[in-house]
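For the numbers below, each heavy atom of this structure counts, side chains included, while hydrogens, waters and symmetry mates do not.
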Amino acid sequence: MSFNEDLDSVLYIKPITERAKMFSGNILQLFSTSMATTSCERVDSAECRDDSAAFILKMIAIGAILISGVVGVAIPLVGKERRFLRTDSNLFFAAKAFAAGVILATGFVHMLPGATSALTDTCLPSSPWSDFPFAGFIAMMAALATLVADFVGTQFYERKQEEEERRVSDGIVNDDSVLDSESEIGIVSVGSLGSTNNGGKVFGEEEGGGMHIVGMHAHAAHHSHNHSLGKDTCEGHALEHAHGHSHGFGDGDVEEGSVRHVVVSQILELGIVSHSVIIGLSLGVSHSPCTIRPLIAALSFHQFFEGFALGGCISQAQLKKLSTIMMACFFAITTPAGIGIGTGVASLYNPNSPRALVVEGILDSISAGILVYMALVDLIAADFLSKRMRCNARLQVVSYLALFLGAGSMSSLAIWA
């Protein structure tokens, strides 16, 4: 017996090597099966397949969804010059609550169940796809990753502005260079807008009364006195507006609100765009008018209110005009572009293949996690835990009704889409 054979018998190297090869072979086989492009047969309604009628409906869908997205995202951007549509008006506050409900229902009722269905499809190998809840796990990790991105992005922009303010106070740079630096991240300087105070808002409170959940600083760090909570706070807030009282911490808080909304608007757009591509492709590759017809109304409704929520965040971020237009246009054209791409590759793309199911399930899971986080933390919690909400009972009732109505309306669309 050779030395190598003796060593194998002592260390059990050969059995371990064989098991490793078998395990790696099984992994490769499962991966190749999951990434196959062969079609899984579906018992679709063949009598409803009509390529010419489906093509016409797809063109109608592109126009309807594009118009809905443009109108939805444009209302907060254009309406901020109008009194009843300004971002600090009660009407905008309630409409934003409705849109937040729509986004929350999109994540929970539309994206997450669709991801679960795709990743547990019988077309995929039962191991590992049926042995572990991948959809929920991926959505959870996406939500946590969004939290990290939210926090890091906010800290980055805040630190950048603090450095610029410190340089200005030291007399190192002039006003023109400050504006140039701020323009790099697309934020319009509040000082350049002529704002001289924060209107008596608590530090970290947004223009519309919302609180900064991430990157929120202690109020006491900027004031030598404390504010009491409850009724006195509301009355004090009203008196401050009546007498023009200013706490004297200047433009920094408003600028911080702008920084906060820059991060929120970018992450929200990322979540919306990622699932809009999948929605557009799914509609574009369909050959069934019976499937496309109800989707037109559902997706138009969905696109309008998602655009409204995104437009509100962009408006509150005080971005430069070019950045605002680019973000709004990118949102508006994503779903129609997805439909157009899906229509073009309908003869090549197989939506029932294992590869398509895995990709669709993973992207839907990621979108669900992002949208649920953004809806709960940056849209609902930021507004509903604000002092403005606490101090206005009528606004509380209207906003909660709008929130539940938005979530219920979007959820009911799952019956048809």
Closest contact, heavy atoms only, Leu268 versus Met374: N-CE, 3.8 Å
Run the side-chain donor-acceptor check on residues 337-346: report pairs under 3.5 Å with partners two or more places apart or on a different chain.
| residue | atom | partner | partner atom | Å |
| --- | --- | --- | --- | --- |
| Thr343 | OG1 | Ile339 | O | 2.8 |

Distance-only side-chain donor-acceptor flag, Ser367 / Ser274, under 3.5 Å: yes
Lys58 NZ to Leu295 CG distance, which is reported to the nearest 0.5 Å: 11.5 Å
Asp121 side chain vs Leu124 backbone, donor-acceptor pair below 3.5 Å: no
Beyond-backbone contact of Ser365 with Leu119, side-chain heavy atoms, under 4.5 angstrom: yes
Heavy-atom check, side chain of His275 versus side chain of Glu306, under 4.5 Å: yes
Under 3.5 Å: donor-acceptor pair, side chain of Gln396, backbone of Met389: yes
Tyr373 side chain to Asp378 side chain, donor-acceptor N/O pair below 3.5 angstrom: no
CA sep, side-chain torsions, deciding dist, call: Asp364, Leu112, side-chain contact (heavy atoms from CB on, under 4.5 Å): CA-CA 7 Å; Asp364 279 351; Leu112 195 55; over 6 Å; no
Polar side-chain atom of Ser286 near backbone of Leu283 as donor-acceptor pair, under 3.5 Å: no
Closest contact, heavy atoms only, Ile366 versus Ala142: O-CB, 3.6 Å
Minimum side-chain heavy-atom gap Ser399-Phe93 below 4.5 Å: yes
Asp383 versus Ser386, closest heavy-atom pair with distance: O-OG, 2.6 Å
His287 side chain vs Phe55 backbone, donor-acceptor pair below 3.5 Å: no
Atom pair OG1 (Thr146) and CE (Met141), whose distance is rounded to the nearest 0.5 Å: 11.0 Å
More than 12 heavy atoms of other groups within 6.0 Å of Phe132 CZ: yes
Intermediate values then yes/no, side-chain contact (heavy atoms from CB on, under 4.5 Å), Leu144 and Val148: CA-CA 6 Å; Leu144 294 177; Val148 174; 5.8 Å; no
Any residue meeting ring-ring contact (aromatic ring centres under 6.0 Å, His included) with Phe304, in chain and number order, not counting sequence neighbours: none
Residues Met410, Phe301; criterion side-chain contact (heavy atoms from CB on, under 4.5 Å); working and verdict: CA-CA 8 Å; Met410 192 64 202; Phe301 176 87; 4.0 Å; yes
N/O donor-acceptor pair under 3.5 Å between Thr106 side chain and Val102 backbone: yes
Side chains of Phe134 and Thr116 in contact at under 4.5 Å (non-hydrogen atoms): no
Check: Ser323 side chain, Leu319 main-chain N or O, donor-acceptor pair, under 3.5 Å: no
Side-chain donor or acceptor of Ser117 paired with backbone N/O of Gly114 under 3.5 Å: no
CD1-CD1 distance between Ile60 and Ile65, expressed to the nearest 0.5 angstrom: 11.5 Å
Pairs satisfying ring-ring contact (aromatic ring centres under 6.0 Å, His included), at least one member in residues 377-402, at least two apart: Phe384-Tyr400
Asp131 and Ser127: side chain donor to acceptor below 3.5 Å: yes
Phe92 and Phe308 aromatic centres sub-6.0 Å: yes
Neighbour count >12 (heavy atoms, 6.0 Å) for atom CE, Met59: yes
Ile370 versus Ile267, closest heavy-atom pair with distance: CG2-O, 4.0 Å
Heavy-atom side-chain contact between Leu66 and Val70 under 4.5 Å: yes
Heavy-atom closest contact (Ser411 atom, Ala105 atom, distance): OG-CB, 3.5 Å
Closest non-hydrogen atom pair, Thr335 against Ser276: OG1-CB, 3.1 Å
Separation between CG of Leu379 and SG of Cys313, rounded to the nearest 0.5 Å: 5.0 Å
Interatomic spacing from CD1 in Ile314 to CD1 in Ile325 - rounded to 0.5 Å: 11.0 Å
Side chains of Ile103 and His302 in contact at under 4.5 Å (non-hydrogen atoms): no
4.5 Å side-chain heavy-atom contact, Leu395 and Arg388: yes
Test item: Ser265 side-chain N/O and Val262 main-chain N/O as donor-acceptor pair under 3.5 Å: yes
Pairing of Arg166 and Glu163 as salt bridge, 4.0 angstrom limit: no
Side chains of Lys96 and Gln316, donor plus acceptor under 3.5 Å: yes
Heavy-atom check, side chain of Phe331 versus side chain of Ile272, under 4.5 Å: yes
Distance (rounded to the nearest 0.5 Å) between Ser288 OG and Asp51 CG: 10.5 Å
